[in-house]
Amino acid sequence: MSWLCRPRKGGVDCAVAFDVPCKRSRSVAMPKGFSVADTSGTVEEDTDSAILYGTLRGSIVGLRYYKGVVNNNEMVALQREPNNPYDKNAVKVNNVNGDQVGHIKKELAAALAGIMDNKLAVVEGVVPYGAKNVFTMPVQMSFWGREENKEAVLDQLKMHGFKLAPPLKECGFGSKWISGKTGPTYSAPVHAAVHLTTEQLKSEFDKLFEDLKEDDKTCEMEGAEAVGTLLLPHQKQALAWMVSRENSDNLPPFWEERNNFYYNILTNFAVKERPKNVLGGILADDMGLGKTLTTIALILTNFQDGKPLPVEKITSDKSYEVRWKKKIPEIRSCIRYYIYVCFFAAPSCVIPEDTGFGSVLAASPTPLKRKTKRKGTASIQSVEKKYSEDGPRTTLIICPLSVLSNWIDQFEQHTSQDFHLNIYIYYGSDRNKDPAILSEQDVVLTTYNVLATDYGVSKYDSPLHKIKWLRIVLDEAHTIRNPNAQQTKAVLSLEAHRRWVLTGTPIQNSVKDLWSLISFLKLKPFTDREWWHRTIQRPVTMGTPGGLRRLQSLIKSITLRRTKISKVKGKPILELPERKVLIQHVTLAEEERQIYQSVKKEGKVAINRFFNEGTVLAHYADILGVLLRLRQLCCHPHLCTNTSSSFSVGSNTPEELRQMLVNKMKLVLSSGSDEECAVCLESLTLPVITHCAHVFCKPCIYEVIRSEQPNASCPLCRSELRVEHLVECSLEEELNSSNGKKGGQEWISSSKINALMHALIELRKENPTIKCLVVSQFTTFLSLIENALKKSGFVFTRLDGSMAQKKRVEAIQCFQSSQAGSPTVMLLSLKAGGVGLNLTAASRVFLMDPAWNPAAEDQCFDRCHRLGQKYNVIITKFIVKDSVEENMLKIQNKKRELAAGAFATKKPSASEIKQTKINEIKALIDL
DNA sequence: ACCGCCGGGTGCC
DNA sequence: ACCGCCGGGTGCC
């Protein structure tokens with residue numbers, strides 16, 4: 001295995017490969033989110049808010065000692081070299097390929113060292129004229145940093161006798177360079193700003209993926225014989241496209257051949273060797289179009305040179321038994337399927353003793369309760385072996401655990417009965433870690449977590465990293481969008497010929513998220529974050545003309561994306577039934593209205609006070625609480641037990657204080673407002689609450705405290721922050737908060753439940769077999785609805801987040817069944833289930849209460865409005881008249897607009913997020 | 001001459 | 001480097 005621990009060559013890869021230099025101990029386990037400053041690149045995390053301070057001309061010396069060459073106008077990277085024995089201020093200069101060009105002249109380096117080491121600015125270089133220099137060459141440097149560091153940088157430079165020239169117009173593109181006679185002082189900074197309107201951005205965004213109607217993407221291709229399912233036209237197109245990508249040797253995007261050199265038009269870098277394009281790309285079809293099936297078809301159809309994967313053909317029922325079936329109960333959604341885990345022993349293979357399966361190798365999720373070993377009846381008569389002996393033959397598929405069973409099912413379903421694949425599920429504590437055996441499989445399936453765990457234990461012993469794969473497929477690849485996450489690093493350091501990314505959501509928040517994917521695809525020069533940032537990310541986020549077009553052409557060249565509404569040969573891609581959303585207004589009964597009004601009045605007074613005092617942020621949790629109670633009152637008066645407000649701040653004992661904070665946090669978490677952590681801007685993980693009542697992810701806020709010590713302050717309100725003041729919500733408490741069973745309370749209905757029951761009963765009269773989803777964010781509300789359903793004799797089932805996996809599977813199967821007497825109603829909590837949840841048996845949805853985030857609603861509707869739905873889907877949203885719910889609808893519309901334009905704008909800052917929220921609050925409570 | 005000037009050796013950090 | 005800088009050789013006109 002010659003690739004084992006082979007050192008990576010070339011500096012472009014060093015962002016990934018060189019993160020274990022000898023000076024760092026190799027196996028120090030760093031807790032997640034606490035990694036030491038990444039020395040791999042000069043680009044820092046916070047580059048989005050960077051402005052251009054100015055430019056400076058300097059010189060690069062010592063050219064003749066290094067092999068790196070530079071073209072005219074080529075970008076170069078400046079890298080500190082603090083351990084240089086001749087000068088601790090040394091700054092070396094590398095070309096785009098990572099080859100050293102020279103050093104920055106020492107007087108200038110002395111000025112830059114402090115600035116770079118303290119991360120006051122990012123210094124980027126472009127060599128205006130580099131082609132023929134022998135000993136030195138000029139370099140035009142741009143200084144980028146945050147507004148507040150500008151003075152410090154200018155001072156540093158001044159101390160060493162340097163002064164910045166004003167920014168050039170073409171900054172960052174390196175195409176033009178103005179001779180820098182000692183210019184005037186400096187002009188206004190170039191702010192990172194979005195120059196496009198939301199409307200423009202939206203249309204640009206649409207174009208980004210919709211303009212992909214190229215010739216090579218509309219050819220069709222039949223799957224190999226072993227593909228047991230007939231492919232739909234758009235799937236044949238995808239297969240043809242994927243096969244052509246894997247077999248093509250086109251130049252990667254932004255590379256041109258120019259007189260025997262290969263030239264990168266973004267960085268102006270040139271090389272003699274032809275740069276390799278990724279043999280793969282991004283399949284970004286909408287959910288439900290069959291990415292999994294297409295990928296399986298690809299695996300079976302394109303093994304080498306367009307020839308199909310040589311799989312064993314099962315012809316008759318005799319000879320030796322090599323086939324077992326193995327059941328994996330925990331992750332199987334459907335008991336009747338089995339996964340064939342087969343292995344035929346090649347002479348060179350060592351079969352480990354401890355598998356307990358003889359020559360059958362299988363791993364299973366932990367804990368495996370029972371191991372079922374069965375002898376199959378089929379057998380293999382002839383095995384055509386035409387594997388080339390040296391080349392890799394295994395496809396590695398990495399997916400989130402939640403879709404692992406889906407892959408297994410789909411392999412089962414779509415592989416012809418006459419063939420069988422060697423599939424190994426690399427999962428569970430008894431997974432087989434022998435690379436020799438893994439690399440004998442046709443397919444190895446694993447999860448991001450398992451991969452990252454192996455890699456975390458030891459990068460050098462991780463079996464998956466010892467193998468050179470034929471092909472790697474990342475499913476739901478947006479889970480690796482954080483470049484610093486262990487998972488991402490583990491994925492990026494896998495070796496493979498062909499690389500695929502499957503995702504339904506190619507850009508979630510910003511261009512930033514794309515880097516991990518592009519880097520995985522090994523597209524030069526973007527594997528190095530600096531080049532990605534300088535050539536794509538910054539131009540796009542700053543709205544530099546052409547920036548978006550550049551990104552677009554990059555995406556276009558490697559992506560296939562169809563939406564549910566795309567067309568194939570003039571016809572809709574999927575003949576999905578219609579989907580209608582109706583809004584059913586509900587008027588509260590008099591008593592309900594009275595309670596609602598009194599709570600609203602009280603809440604409004606309090607919130608008004610917070611506005612007047614300017615303490616809205618400090619009471620954010622309380623305000624969410626008010627809104628929550630109002631939303632609950634729209635559903636049912638019993639949802640909201642403690643109508644008295646909890647605004648008392650005068651908690652005395654530490655325990656009381658703790659309890660109050662826990663309560664506030666529970667409020668925030670249970671309010672369904674989908675709170676983000678203001679540090680990482682993602683959904684909260686391991687939420688903790690500060691003394692000032694702001695909720696963050698635990699790792700995030702620890703990092704803030706660590707980096708700001710000794711005097712850390714809250715990112716939201718700047719009040720004092722200390723680790724010992726953070727309060728966690730224990731798992732137990734979190735669970736308790738969700739079930740608000742009220743023991744002795746007598747069952748009563750509510751206006752909304754009446755409206756629902758009326759609709760359900762009408763529907764039953766019309767057609768007793770129609771199935772419905774009844775969706776709410778409040779599980780207690782679902783419990784109340786149960787009573788009404790029972791009274792009217794509905795057979796129903798229920799799915800919510802608190803249910804064990806086994807129960808969920810049961811509930812889903814039961815509901816999906818078409819048997820007489822199977823449930824016609826499913827009570828569903830809005831966020832239950834992963835992306836894959838398939839509830840196509842239902843053709844009606846009753847959304848009992850609006851969600852803050854319209855995307856969450858849409859995702860929920862898609863559970864039944866997807867491939868396999870036979871009927872038109874009618875969605876009814878119950879909205880209480882003259883209530884917070886109506887205002888929520890307005891905010892939802894605003895959010896939809898925002899989401900459409902969110903791409904390419906920079907992520908909002910913590911304070912902007914809060915400002916938005918404050919505005920929302922105003923709108924919600926009619927202030 | 002404890003200078004200037006010449007011309008060869010030499011050259012990143 | 002067709003430079004600068006260093007340091008040795010040298011020394012009226």
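Every chain is numbered from 1 and lettered A, B, ... according to where its sequence line falls, protein lines coming before strand lines. Model, not experiment: these values are computed from the prediction.
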Regarding A/Asn95 and A/Asn97, do their side chains bring together a donor and an acceptor under 3.5 Å, going by distance alone?
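On atom types as modelled, these side chains do not qualify, holding no pair under 3.5 Å.
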Can you give one letter per nucleotide of nucleotides 8-13 of chain B, 5' to 3': B if a protein heavy atom sits under 4.0 Å from the base, S if only from the sugar-phosphate, - if neither?
---BBB
Among all residues two or more places apart in sequence or in another chain, which pass the ring pair (Phe, Tyr, Trp, His ring centres under 6.0 Å) test with A/Trp500?
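Expected list: A/Trp241.
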Residues forming a ring pair (Phe, Tyr, Trp, His ring centres under 6.0 Å) with A/Tyr66, sequence neighbours excluded:
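For A/Tyr66 the ring pair (Phe, Tyr, Trp, His ring centres under 6.0 Å) partners, ignoring immediate neighbours, are A/His103.
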Cation-pi check for A/Phe261 against A/Lys272: NZ or CZ below 6.0 Å from the six-membered ring centre and within 45 degrees of the axis, yes or no?
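Yes, A/Lys272 sits over the ring of A/Phe261.
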Pair assignment for C/dC13, Watson-Crick or G-U wobble, requiring both distances under 3.5 Å
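When the pairing criteria are applied, nothing turns out to pair with C/dC13, so the answer is none.
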So what's B/dA1 paired with, Watson-Crick or G-U wobble, going by both distances under 3.5 Å?
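Partner of B/dA1: none.
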Determine whether A/Leu494 and A/Tyr455 make a side-chain contact, defined as any pair of heavy atoms from C-beta on separated by less than 4.5 Å.
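With C-beta onward as the side chain, the pair stays apart.
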Given the P atoms of B/dC5 and B/dA1, what is the spacing between them in whole Å?
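After rounding to an integer number of Å, I get 16 Å for this pair.
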